[in-house]
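Encoded as C-alpha cells, the structure appears first; notes follow it.
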Amino acid sequence: MSQQPSSSASILEATGQKHLTQEERFEKVRTLVRPDSESASAALAAEVAALVRSREAEGRDTVLGLATGSTPVPFYRELIRLHREEGLSFRRVVTFNLDEYYGLPRDHPESYFRFMRDQLFDHVDLDPDRIHLPDGTVPMDAVYRHCLDYEQRIAEAGGLDLQILGIGRTGHIGFNEPGSAADSRTRMITLDRVTRQDAAADFMGMANVPRSAITMGVGTILEAKRLVLMAWGANKSAIVREAVEGAVSDQVSASFLQTHENATFLVDGEASADLTRFRFPWLVGPVEWDAPMKKRAVVWLARKLDKPVLKLVDEDYNESGAGELLASTSEAAYEVNIDIFNQVQHTITGWPGGKPGADDSRRPERSQPHPKRVLVLSPEPADAFVGMGGTLARLREQGHEVKVVFQTSGNLRVADIAALNFARVVLEMAESSHSPEWESQTAYARSIVEAIDAKGEFGIDPELVRRLKGLILRGEARDAASVCHLRYHDSEFLDLPFYESGRFRRFRLGEEDVRALVGVLESFRPHSVFATGEASDPSTPQAITYRAFATAWDSLAEADFRADCRVWLYRGRDRPFEAHEIDMAVPMSPDQLEDKVESIRRFMSINEADLNAPTRNREIAATYDALGLAEYEGIEAFRRGPQG
Ligand code: F6R
C-alpha cells in the first residue's frame, strides 16, 4: 500500500501536508511508516548525523532536543555506533532534554539524567557543559525560576534545530499530560495515572513512581525548527491515530504537531496499524479484495452499523464506502455475509489442540496427532495466564502434553518486601530452632536483608536478591499453573540471560538467549507452539523473547518436527486481536473465567491491567455476539503465526 513513497522519503525534510497522497488523506501530519524500530531509528540517526556534519562544516552548532523512555533507545544506539565506527563527532552538538522526574537526584537509577548518561552521553564526545536537563532536585520555591532559566538557555543556544519525541499512552509529548495548552512553557506538572502505571515496572511498583515532573511545555517544543515523533508497537497504535488523524486538542498534546510546519511521525508497522490507510484501506483507495480484506471489511461494517453480519444489506455496503467489495465479486450482500459469517463461526472451537476423531477441514486446529505436544511460551511468568489461562486448562484437560516455558524469571517485578518477608521467615525459624544446623540459612537470610538495606529504595538488586525474587515468582507460577490443572513438571524456567543481566527499557537480546530457545524446541519437538510479543513495544521482555523464539525457529528450518508444527499467537498485555484478526476463538464459561482470574491472582506482582484480562475476554465474546454468533461469557483469541 502507501508504505512505498514513505520508505524512501527523507525524515527531516518534512513538509507538513504537502506530500500527502490520496491514501494518507486522513492524516493531518506527515507520517512515515517503516517496517521496524531498528531500521527507522537507523535512518533517522543517519539524517541527524548528516545534519550535525553539515552544520559543523559551516562552523555552526546543532541544538538537539532529546527524549528518554524506551522509544529512542535504538536511535541512541545507532548514534553511538556512528560515533565509534564512522567518526561522527558531537563536539558541536548542544542538547536539551524534554523532562525530568521531580524529586529524583541525578544519580538515581531512574532519573532521566542517569538514563541519558547510560544510553548516550557517556559513549560519545559530547561536552558535559553543553548537556542540559531540567533539574528534579531544585527546591519547590525555585522551580519557577529554574524553568525560566531553562527556556532562556534554549533561546541563547539559538533554539532547537531538531526535537526528538516519543508519545505516551495519554498522548503526551514530554510530560505534557492532557490539559496542557498549546502555549504552555517549561514547568512543573502532575503526572497522569496512566503515565505512572506505565512507569511502574521501572520503579518496582506504582507507589514509587514520582507524582510530578518538570517538562518543556508544548509551546517550547513547537518552537523547535523540526520535530520527529517516534512510536513503536501495537500499544501505541490507538494514540498515534488520535494524534495524527484526530482533532487538534489539548487532551492529546501530540496532536499539536499537526500545527507545526515541519513535523513528522516516524512509526513502525504495529504503531501505524490504526491509521485509516491500514485499518480501513477501502475508504482511501482501491484495494485488492482478497479473503482477509473481505473479512476485515464485513466485520468492520457490521460493528459500525451495530448489526449482525447476516442482517447487512446491499445499501449498508454502498452507503458506508464498502460498495466496491460487492462490485468486485458480483455477489449480493447476502452471499458475502454468509461466507464471512461461516468464516468467523469456524474460528470458534472448544478444542484448541484439535478434536480427536472429528472432521477438521473447517476447524482451526487439526485433529491429528492426538494428544499433541503443546509448547506455551510465557515471556514473563504471568503472561501465559493473562493471555491464555483458560486455553491452558482446556489443553491439559483434553489430554495434551503441555509444557509451559517461562522464558524470563520476571524477578524485576517482585517487590523488596516479598524477598524481605522470605528472609525474615528463615531468620525466625532459625532462631526458634536453636540448632547450629541453621547457620548457613541464617547467613543467607541475613545477606538478603543487608543487600536490600544497602541498595536503598531504588537501587539495583545484587544477583543474590534477584535470584531469590526469581524463585519467589517461580513458586507463584507453579501455583498458577496448578490452578490451570498443570502438573509440577509441566513448567520449565529458562531465566534467559538478557533479562537476568538487564533492566527495563534497556534489555538486549544475545545469542545465548536464542540458543536456549533452540534447545527447548529441539528437545520438546512440539506439534503446536503458543507465543506472544510479536507486536509488543520492541524494548519489552515480551518483544525480546518473541524475537528469541522467532530467530530460534528460523534457525531450525530443516528440523523435521517443524513440518508438523503450528504456531499460534496470543495476546497478554498488548492490544487484543480484533475480530477480523482471529483465527481461533476459544470460548470460556463463567467458571472457566473465574479460574483464570484465580490463576492470575496467584502472582503478588500483578497490576490492575493484568487483573483486567477477563474484561478483554468478555469484550471479544461480546463482539462475536454482536456479529450474530453464539453468546459466550468470554473468549480467548489466537492468530496463526507467520511461522507456518
Ligand atoms: C520522555 C518523554 C515521554 C516519553 C513517552 C513515551 O522524555 O518525554 O514523552 O517519550 O512517555 O515513553 P516510552 O518511549 O517509554 O514509551
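Side chains are part of it too, since the values below use all heavy atoms of this structure and drop only hydrogens, waters and symmetry mates. The structure presented is a predicted model; accordingly, all values stated were derived computationally and were not measured.
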Check your understanding: Closest heavy-atom contact between Val529 and Trp553?
Key -> CG2-CZ3, 4.3 Å
Practice item. Just do the salt bridge (Lys or Arg N to Asp or Glu O under 4.0 Å) check on Lys355 and Asp360 with the steps written out, would you? Key: CA-CA 8 Å; Lys355 185 171 185 180; Asp360 60 6; over 6 Å; no
Review point. Do the ring planes of Phe498 and Phe507 sit parallel (below 30°), tilted (30 to 60°) or perpendicular (above 60°)?
Key: perpendicular
Review point. Relative to Trp568, does Arg640 satisfy both conditions: NZ or CZ under 6.0 angstrom from the six-membered ring centre, and within 45 degrees of the ring's axis?
Key: yes
Exercise for review: Could you grab the distance from atom CG of Leu301 to atom CG of Leu325, nearest 0.5 Å is fine?
Suggested key: 9.0 Å
Practice item. Specify the closest pair of heavy atoms between Pro381 and Gly410, including all atoms of both residues, with the distance to one decimal. Key: CD-CA, 3.8 Å
Practice item. Please report the closest heavy-atom contact between Glu242 and Val252, naming both atoms and the distance. Key: OE1-CG2, 3.4 Å
Practice item. Answer yes if the side chains of Asp554 and Thr551 hold a donor-acceptor pair under 3.5 Å, and no otherwise. Key: no
Point to revise | For Ala579 against Thr623, the heavy-atom pair lying closest together | key: CB-CG2, 3.9 Å
Review point. Does a side-chain heavy-atom distance below 4.5 Å link Val29 with Thr264?
Key: no
**Study point:** side-chain contact (heavy atoms from CB on, under 4.5 Å) assessment of Leu569 paired with Asp583
**Key:** CA-CA 10 Å; Leu569 302 175; Asp583 294 317; over 6 Å; no
Point to revise | Exceeds 12 heavy-atom contacts within 6.0 angstrom, atom CZ of Arg618 | key: yes
**Study point:** Gln345 CD to Ile338 CD1 distance, which is reported to the nearest 0.5 Å
**Key:** 12.0 Å
Review point. With distance as the sole test, does Lys372 use its side chain to make a donor-acceptor pair with the main-chain N or O of Pro369 at under 3.5 Å?
Key: yes
Exercise for review: Flag the pair Leu611 / Ile606 as yes when at least one side-chain heavy-atom distance between them is below 4.5 Å, and no otherwise.
Suggested key: yes
Practice item. Applying side-chain contact (heavy atoms from CB on, under 4.5 Å), run through Leu326 and Glu324 and close with a yes or a no. Key: CA-CA 5 Å; Leu326 297 184; Glu324 236 204 80; over 6 Å; no
Review point. Can you find a pair of side-chain heavy atoms, one from Phe265 and one from Ser272, that are under 4.5 Å apart?
Key: no
Practice item. Locate the shortest heavy-atom distance separating Arg525 from Asp560; write the atom from each residue and the value. Key: NH1-OD1, 3.1 Å
**Study point:** Any side-chain heavy-atom pair of His172 and Asp192 under 4.5 Å
**Key:** no
Check your understanding: Just checking, is any N or O donor in the side chain of Asp36 or Ser39 under 3.5 Å from an acceptor N or O on the other one?
Key -> yes
Review point. Only one of Arg279, Arg296, Arg575 clears salt bridge (Lys or Arg N to Asp or Glu O under 4.0 Å) with Glu581; which?
Key: Arg575
Check your understanding: Are the side chain of Arg505 and the backbone of Asp202 linked by a donor-acceptor contact shorter than 3.5 Å?
Key -> no
Exercise for review: State the CG-CG distance between Leu257 and Leu165, to the nearest 0.5 angstrom.
Suggested key: 6.0 Å
Review point. Taking it one step at a time, do Glu578 and Arg303 satisfy salt bridge (Lys or Arg N to Asp or Glu O under 4.0 Å)?
Key: CA-CA 11 Å; Glu578 293 191 59; Arg303 297 300 296 128; over 6 Å; no
Check your understanding: Does the side chain of Leu412 come within less than 4.5 Å of Tyr499's, by heavy atoms?
Key -> yes
Exercise for review: List the steps and the verdict of side-chain contact (heavy atoms from CB on, under 4.5 Å) for Ser409 and Phe493.
Suggested key: CA-CA 7 Å; Ser409 71; Phe493 297 87; over 6 Å; no
Practice item. Using the side chain to side chain donor-acceptor pair (under 3.5 Å) rule, take Thr532 and Gln542 through it: C-alpha gap first, then chi angles, then the decisive distance, then the call. Key: CA-CA 7 Å; Thr532 189; Gln542 287 68 25; over 6 Å; no
Review point. Are any of the side-chain heavy atoms of Leu377 and Thr545 separated by less than 4.5 Å?
Key: no
Check your understanding: Under a 4.0 Å N-O cut-off, is there an ion pair linking Arg241 with Asp274?
Key -> no
Review point. Phe549 pairs by side chain to side chain contact (heavy atoms under 4.5 Å, CB included) with which of Ile544, Val567, Val405?
Key: Val567
Review point. Are Ser536 and Asp574 linked by a side-chain donor-acceptor pair shorter than 3.5 Å?
Key: yes
Point to revise | Test log, rule side-chain contact (heavy atoms from CB on, under 4.5 Å), inputs Phe530 and Leu395 | key: CA-CA 12 Å; Phe530 287 80; Leu395 286 163; 4.1 Å; yes
Review point. Quick one: do the Glu636 and Thr391 side chains pair a donor with an acceptor below 3.5 Å?
Key: yes
Point to revise | Residue Glu288 excluded, over 12 heavy atoms near CD under 6.0 Å | key: no
Check your understanding: Are any non-hydrogen side-chain atoms of Leu32 and Val267 less than 4.5 angstrom apart?
Key -> no
Revision key, fill the gap. Rounded to the nearest 0.5 Å, the SG atom of Cys565 sits from the CZ atom of Arg562 at a distance of 8.5 Å
Exercise for review: Could you tell me which non-hydrogen atom of Ser589 sits nearest to which non-hydrogen atom of Glu633, and how far apart they are?
Suggested key: C-CB, 3.9 Å
Check your understanding: Would the number of heavy atoms belonging to other residues, nucleotides or ligands and lying under 6.0 Å from CZ of Phe561 be above 12?
Key -> yes
Check your understanding: Does Arg193 come within less than 4.0 Å of Asp198, counting only side-chain N to carboxylate O?
Key -> no
Exercise for review: In plain terms, say whether Glu27 and Arg277 are close enough for a salt bridge, that is, a side-chain N and a carboxylate O under 4.0 Å apart.
Suggested key: yes
Revision key, fill the gap. Value for CZ (Phe577) from CZ (Phe638), rounded to nearest 0.5 Å, stands at 9.0 Å
Revision key, fill the gap. When Glu365, Arg566, Arg366 are each screened for side chain to side chain contact (heavy atoms under 4.5 Å, CB included) with His527, the one that passes is Arg366
Check your understanding: Would you find a donor on one side and an acceptor on the other, under 3.5 Å apart, between the side chain of Arg394 and the backbone of Pro587?
Key -> yes
Review point. Going by atom types alone, do Tyr317 and Asn337 pair a side-chain donor with an acceptor below 3.5 Å?
Key: yes
Practice item. Would you give the length of the straight line joining atom CG of Asp595 to atom SG of Cys484, rounded to the nearest 0.5 angstrom? Key: 7.5 Å
Practice item. Compute whether any side-chain donor of one residue and acceptor of the other, for Thr347 and Tyr624, lie under 3.5 angstrom apart. Key: yes
Check your understanding: In terms of heavy-atom contacts, does CD of Glu335 have more than 12 from other residues, nucleotides or ligands at under 6.0 Å?
Key -> yes
Check your understanding: Going by heavy atoms in the side chains, are Met588 and Asn617 under 4.5 Å from each other?
Key -> yes
Review point. What residues, two or more places apart in sequence or in another chain, satisfy ring pair (Phe, Tyr, Trp, His ring centres under 6.0 Å) together with His370?
Key: His400
Review point. Is the side chain of Trp232 donor-acceptor paired with the backbone N or O of Thr71 at a distance under 3.5 Å, no angle test?
Key: yes
Revision key, fill the gap. Result for side chain to side chain contact (heavy atoms under 4.5 Å, CB included) between Asp490 and one of Lys403, Arg478, Arg396 points to Arg396
Review point. Can Arg34 and Asp268 be said to form a salt bridge (Lys or Arg N to Asp or Glu O under 4.0 Å), step by step?
Key: CA-CA 5 Å; Arg34 297 290 162 96; Asp268 66 2; over 6 Å; no
